[in-house]
Protein chains: 2
Amino acid sequence: MTKVIQQDVYPSMMISYDQGVDKIEPIKLGKRLKEIRKSLGLTLEESSKKTGLARSTLSKIENEQISPTFQVMQKLTNGLQIDIPQLFAPPKQISATGRRDVTRNKQGRAHPTSTYEHELLATQLTNKKMMPFKSLVRARDFAEFSEWVRHDGEEFLLVLSGEITFFSEFYEPVNLNEGDSVYYDANMGHMIISISEADALILWITAS
Amino acid sequence: MTKVIQQDVYPSMMISYDQGVDKIEPIKLGKRLKEIRKSLGLTLEESSKKTGLARSTLSKIENEQISPTFQVMQKLTNGLQIDIPQLFAPPKQISATGRRDVTRNKQGRAHPTSTYEHELLATQLTNKKMMPFKSLVRARDFAEFSEWVRHDGEEFLLVLSGEITFFSEFYEPVNLNEGDSVYYDANMGHMIISISEADALILWITAS
DNA sequence: AGAAAAAGTTTCCAAAAGGAAACTTTTTCT
DNA sequence: AGAAAAAGTTTCCTTTTGGAAACTTTTTCT
């Protein structure tokens with residue numbers, strides 16, 4: 001079991017925790033870079049020396065006249081020792097008070113995979129601490145997975161209907177019926193198969 | 001220089017990263033993007049449609065033949081809904097803990113109040129990021145509450161059975177049926193009453 | 001204030017990126 | 001297996017980027 005999973009995809013892939021999904025806000029990269037350079041007390045010349053980029057190039061980037069290539073961005077971030085999250089995420093100082101997002105039954109964002117049929121909930125809200133989703137478990141056999149599912153954070157699972165077997169590293173498999181739940185560290189390999197007649201429906205919540 | 005190998009399926013964590021200082025760290029962007037696309041089950045054509053980029057461009061990026069501009073990267077991350085900051089960020093080191101706690105239906109720790117009958121789940125585990133509990137909603141009138149319920153963190157609620165009205169500050173009350181859910185900031189005043197014949201049963205999860 | 005230096009912008013051009021279409025490889029059908 | 005379709009790559013060409021140097025603006029000196 002050393003292969004990277006290709007057939008199953010965790011729904012968190014579809015959602016970015018830090019970025020809006022429906023909200024496509026163009027990041028003012030140049031403006032931000034200028035602020036950073038200023039705050040480091042650097043001139044374009046000094047910045048140029050540190051990054052190996054031409055003074056003119058830096059100027060044009062800061063003034064949004066050109067869109068730097070990935071290569072250039074790497075030189076920038078390496079040279080100035082800045083990290084990207086700081087670059088893209090920070091100005092979002094929105095107070096996390098008063099958000100609310102209702103998701104009606106079966107109205108979440110669908111995301112089918114070979115083994116699960118995911119329905120992402122509360123996708124209108126971004127920057128959430130938790131990511132909730134329902135999953136219809138179609139997998140019927142352990143062998144449908146090539147590798148343990150494993151990711152950062154903690155996970156809570158509740159069986160909404162049907163019956164499943166919950167496999168995880170370090171533990172014996174356990175059968176879970178409607179109403180049963182399990183809380184576990186998601187970096188511990190885990191996977192689920194449905195063992196009831198109908199495909200099982202579960203609620204899953206992840207927090208990192 | 002230790003290279004961290006991720007066998008995880010989170011796209012944001014798939015980027016390998018060196019702690020190199022002077023040398024420009026060659027992040028295998030193309031390779032990762034290809035893995036991400038594959039794991040999303042997309043062809044270049046579909047990816048092209050989603051991102052608005054030419055098939056040929058995507059191919060060249062994936063094969064490290066060109067270094068995409070920031071503009072292109074934004075189209076990519078928006079179209080495929082992945083997260084730029086995390087593309088660059090060092091993968092979080094997974095701490096290999098392996099906690100697991102199964103709670104059988106109705107076997108959680110009971111905690112009754114005048115308005116709710118709570119059943120705390122996964123109480124064997126401490127220091128959890130999330131606190132899950134089921135609640136039987138006995139309140140039938142919002143007058144039974146003397147004040148908004150209000151606490152730190154974010155909350156997710158799913159109606160397991162019955163029907164409730166969800167009241168919250170800043171919003172109109174909303175009726176929720178079995179299967180409906182709501183995600184909200186818990187410092188926003190909130191309360192719930194049951195409006196179905198039988199007391200409603202809900203699942204609640206809090207994260208701070 | 002005016003000259004000199006430093007900082008920043010713009011120009012010009014070589015180099016690289018991005019798109020359309022031709023081409024090749026892989027998969028899906030009989 | 002062979003044909004057809006789908007997926008992926010490469011070519012060719014236009015647009016854009018990135019760097020050297022010229023140019024302009026701002027700051028720092030007498």
Side-chain angles (χ1 to χ4, degrees), chain A residues 3-9 13 24 26-82 84 87-88 112-114 144 146, chain B residues 11 14-15 22-80 82 84 87-88:
Chain A
K3 242 180 64 183
V4 173
I5 301 177
Q6 294 289 357
Q7 61 255 72
D8 185 61
V9 171
M13 305 188 72
I24 299 167
I27 297 167
K28 277 275 163 45
L29 181 68
K31 189 163 167 263
R32 188 82 190 104
L33 281 170
K34 191 169 204 161
E35 286 170 8
I36 290 174
R37 178 172 61 79
K38 291 284 188 191
S39 74
L40 289 171
L42 297 173
T43 66
L44 284 179
E45 181 56 35
E46 293 166 325
S47 195
S48 168
K49 284 227 174 72
K50 279 181 184 294
T51 58
L53 295 165
R55 204 162 77 254
S56 57
T57 304
L58 294 172
S59 170
K60 283 181 272 191
I61 292 171
E62 289 190 353
N63 293 303
E64 321 265 358
Q65 288 174 17
I66 60 175
S67 176
T69 59
F70 181 73
Q71 233 178 36
V72 165
M73 291 196 35
Q74 284 190 101
K75 287 188 187 174
L76 252 170
T77 53
N78 277 309
L80 301 185
Q81 300 279 68
I82 54 179
I84 320 297
L87 226 176
F88 296 87
T113 73
S114 65
E144 294 179 42
S146 60
Chain B
M14 284 181 162
I15 307 300
D22 277 20
K23 256 287 163 91
I24 291 154
E25 157 56 20
I27 295 177
K28 280 287 183 347
L29 181 69
K31 187 162 169 267
R32 300 310 182 200
L33 282 171
K34 188 170 204 162
E35 286 172 5
I36 291 169
R37 178 174 62 79
K38 291 283 189 191
S39 69
L40 287 170
L42 296 174
T43 65
L44 285 179
E45 180 58 36
E46 292 166 327
S47 195
S48 168
K49 282 228 176 72
K50 279 182 186 293
T51 59
L53 295 165
R55 203 161 78 253
S56 57
T57 304
L58 294 172
S59 171
K60 283 181 272 190
I61 292 171
E62 290 189 353
N63 293 307
E64 321 265 359
Q65 290 175 16
I66 61 175
S67 176
T69 59
F70 181 69
Q71 228 178 37
V72 164
M73 289 193 42
Q74 283 197 111
K75 287 189 188 174
L76 251 170
T77 52
N78 278 317
L80 303 184
I82 52 181
I84 295 183
L87 273 182
F88 295 82

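In what follows, every heavy atom counts, from backbone to side chain, and hydrogens, waters and symmetry copies are set aside. Letters A, B, ... mirror the listed sequences (proteins, then strands); counts begin at 1.
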Toward the 5' end of DNA chain C, which comes first, A/Lys60 or A/Arg37, by nearest nucleotide?
A/Arg37

Please state how far atom CG in A/Leu58 lies from atom C1' in C/dA7, giving the value in whole angstrom units.
13 Å

Taking any strand in view, what nucleotide pairs with C/dT28 in a Watson-Crick or G-U wobble way, both distances under 3.5 Å?
D/dA3

Under a 4.0 Å threshold between the charged nitrogen and the carboxylate oxygen, would A/Glu35 count as salt-bridged to A/Arg32?
yes

Nearest to the side chain of B/Lys75, which nucleotide is it out of D/dT9, C/dG19, C/dG8?
C/dG19

Separation of atom CD in B/Gln71 from atom P in C/dA17, rounded to whole Å:
14 Å

Could you tell me the separation between the NZ atom of B/Lys34 and the C1' atom of D/dG8, rounded to a whole number of Å?
8 Å

So, are B/Lys31 and B/Glu64 salt-bridged, with charged N and O less than 4.0 Å apart?
no

Between A/Ser67 and B/Ser59, whichever has its closest DNA chain D nucleotide further toward 5' is B/Ser59

Closest to the B/Ser56 side chain: C/dG19, D/dG18, D/dG19?
C/dG19

For B/Leu44 and C/dT26, what is the distance between atoms CG and P respectively, to the nearest whole Å?
14 Å

Sugar-phosphate, base or nothing in reach of B/Gln65, heavy atoms under 4.0 Å
sugar-phosphate

Please state how far atom CD1 in B/Ile66 lies from atom C1' in C/dA15, giving the value in whole angstrom units.
14 Å

Which of these nucleotides, C/dT10, C/dG18, C/dG8, is closest to any side-chain atom of A/Thr43?
C/dG8

Could you please name the option among C/dT9, C/dA17, C/dG18 that lies closest to any side-chain atom of A/Asn63?
C/dT9

Any salt bridge between B/Lys49 and B/Glu45, counting N to O under 4.0 Å?
yes

Pairing partner of C/dA17 (Watson-Crick or G-U wobble, both distances under 3.5 Å):
D/dT14

For A/Glu64 and C/dT10, what is the distance between atoms CD and C1' respectively, to the nearest whole Å?
17 Å

Tell me the interatomic distance from B/Lys38, atom NZ, to C/dT26, atom P, rounded to whole angstroms.
11 Å

Any side-chain heavy-atom pair from B/Val72 and B/Leu53 closer than 4.5 angstrom?
yes

Partner lookup for C/dG8, please. Criteria are Watson-Crick or G-U wobble with both distances under 3.5 angstrom; report none if nothing qualifies.
D/dC23

Side-chain heavy atoms of B/Leu58 within contact of B/Arg37, under 4.5 Å:
no

Taken to the nearest whole Å, CE/A/Met73 to P/D/dT17 is 14 Å

Base of D/dG8 paired with side chain of B/Arg55 (donor-acceptor, under 3.5 Å):
yes

Starting the side chain at C-beta, find the nucleotide from D/dT10, C/dG18, C/dG8 nearest to B/Thr57.
C/dG18

